[in-house]
Protein chains: 2
Amino acid sequence: MATDQSCPVCRTAEIVCGKWTLLLVKELAEGNSRFCELERQLTGISPRTLSLRLRALEEEGIVARHTYPEVPPRVEYVLTSKGLALVPLIEDMRVYGSQWLGDECAAETAAVLGSDPALGSDQVLGSDPALAEVAA
Amino acid sequence: MATDQSCPVCRTAEIVCGKWTLLLVKELAEGNSRFCELERQLTGISPRTLSLRLRALEEEGIVARHTYPEVPPRVEYVLTSKGLALVPLIEDMRVYGSQWLGDECAAETAAVLGSDPALGSDQVLGSDPALAEVAA
DNA sequence: CGTCGCGCTTCACGAACTGAAGTAGGGCGG
DNA sequence: CCGCCCTACTTCAGTTCGTGAAGCGCGACG
């Protein structure tokens with residue numbers, strides 16, 4: 001709030017600095033769209049925080065919320081194009097994390113690639129079907 | 001802390017999610033290295049937070065602290081290569097901020113480019129002398 | 001002698017986030 | 001038919017994170 005509004009980095013930082021925001025965008029980019037799905041993927045998030053974050057992002061125009069008045073009531077959250085524009089940032093974070101932060105994941109992923117492709121999902125963001133879908 | 005350690009994005013997020021972290025790295029990348037310099041650039045940060053953040057980043061190996069036992073005692077903070085690797089992220093944030101977040105800065109910057117180059121300093125990060133210096 | 005700048009630390013306060021529980025409506029197992 | 005699970009949340013109390021103001025030791029400047 002006290003940050004310099006004339007600087008685009010600061011404006012982005014204000015959106016992005018929330019603890020779960022980027023992780024949440026990542027999950028949405030990977031195609032998870034329902035509340036409890038996100039809650040399960042983001043191990044440790046409290047439903048309150050998830051709810052708050054989703055609402056905030058919705059207000060920012062980064063996610064869109066679709067309520068289906070079915071039984072059981074289904075709610076889906078999707079990234080808007082403004083939200084999708086954050087994906088390169090997440091890609092950079094993945095690169096940074098792999099390169100500089102003890103990368104048990106890379107080893108694990110490499111081992112997994114031959115046996116269980118399902119677990120490799122978070123390292124193919126660049127070719128994620130959800131992205132192609134929204135980009136089209 | 002509760003985040004999935006097997007995911008590089010999560011590991012990066014834990015470093016990056018602090019409110020001022022990225023802004024601080026940005027200032028350091030632009031060549032500001034002294035405590036009070038950073039304090040002035042990051043309008044609104046409390047010295048306590050700055051101190052805490054610098055210490056945390058030092059522990060992470062992202063900044064290096066150099067104390068010169070001169071009169072007056074001077075302290076300089078510089079990005080390590082691990083810290084410099086965060087710069088692309090900041091670049092992405094600048095791009096995002098310019099493209100999607102009400103960009104008074106771009107107009108301002110464009111106007112400034114012809115009249116007062118000093119104020120344009122934060123948009124030439126890619127060719128900042130500090131970067132070339134540390135990369136060399 | 002008083003005030004300034006530097007590089008912090010301390011303190012009290014508020015905002016953000018957590019963890020556990022509750023809610024409302026329905027499904028499904030025993 | 002009873003109780004437990006599922007979805008999508010909300011509520012509450014408690015912890016952690018960040019703020020704003022003040023202070024401190026030191027030397028310089030006026």
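Protein chains get the first letters and strands the later ones, always in sequence-line order, with residue 1 at the start of each.
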Query - Of all pairs that satisfy salt bridge (charged side-chain N to carboxylate O under 4.0 Å, His left out), the ones with a partner from residues 44-53 of chain A, not counting sequence neighbours - result: none
Query raised in the report: Roughly, in whole Å, what's the span from NZ in B/Lys19 to P in C/dA16?
Result: 9 Å
Query raised in the report: Taking DNA chain C as the partner, which of residues 52-67 of chain B come within under 4.0 angstrom of it by heavy atom?
Result: B/Arg55, B/Arg65
Report task. Take atom CG of A/Leu38 and atom C1' of D/dA8, then tell me their distance rounded to the nearest Å. Result -> 12 Å
Query raised in the report: Should B/Arg48 be listed as having a side-chain N or O under 4.0 Å from OP1 or OP2 of D/dG20?
Result: no
Report task. Hey, could you give me the CD1/CG distance between B/Ile62 and B/Leu54, rounded to the nearest 0.5 Å? Result -> 11.5 Å
Query - Presence of B/Trp20 side-chain N/O under 4.0 Å of D/dC17 phosphate oxygens OP1/OP2 - result: no
**Report entry** Nucleic acid footprint by protein, nucleotides 25-30 of chain D - heavy-atom cut-off 4.0 Å, B for base, S for sugar-phosphate alone
**Finding:** --S---
Query raised in the report: Considering only heavy atoms from C-beta outward, does the side chain of A/Glu39 approach that of A/Arg34 to under 4.5 Å?
Result: no
Query raised in the report: Does the side chain of B/Ser51 get closer than 4.0 angstrom to OP1 or OP2 of C/dC8 through an N or O atom?
Result: no
Requested in this report: Would you please confirm or rule out a distance under 4.0 Å between OP1 or OP2 of C/dC6 and any side-chain N or O of B/Arg40?
Outcome: yes
Query raised in the report: With no hydrogens and no angle check, is any side-chain donor or acceptor of A/Ser51 less than 3.5 Å from a backbone partner on A/Pro47?
Result: no
Report summary line: Between B/Arg34 and A/Cys17, the residue closer to the 5' end of DNA chain C by nearest nucleotide is B/Arg34
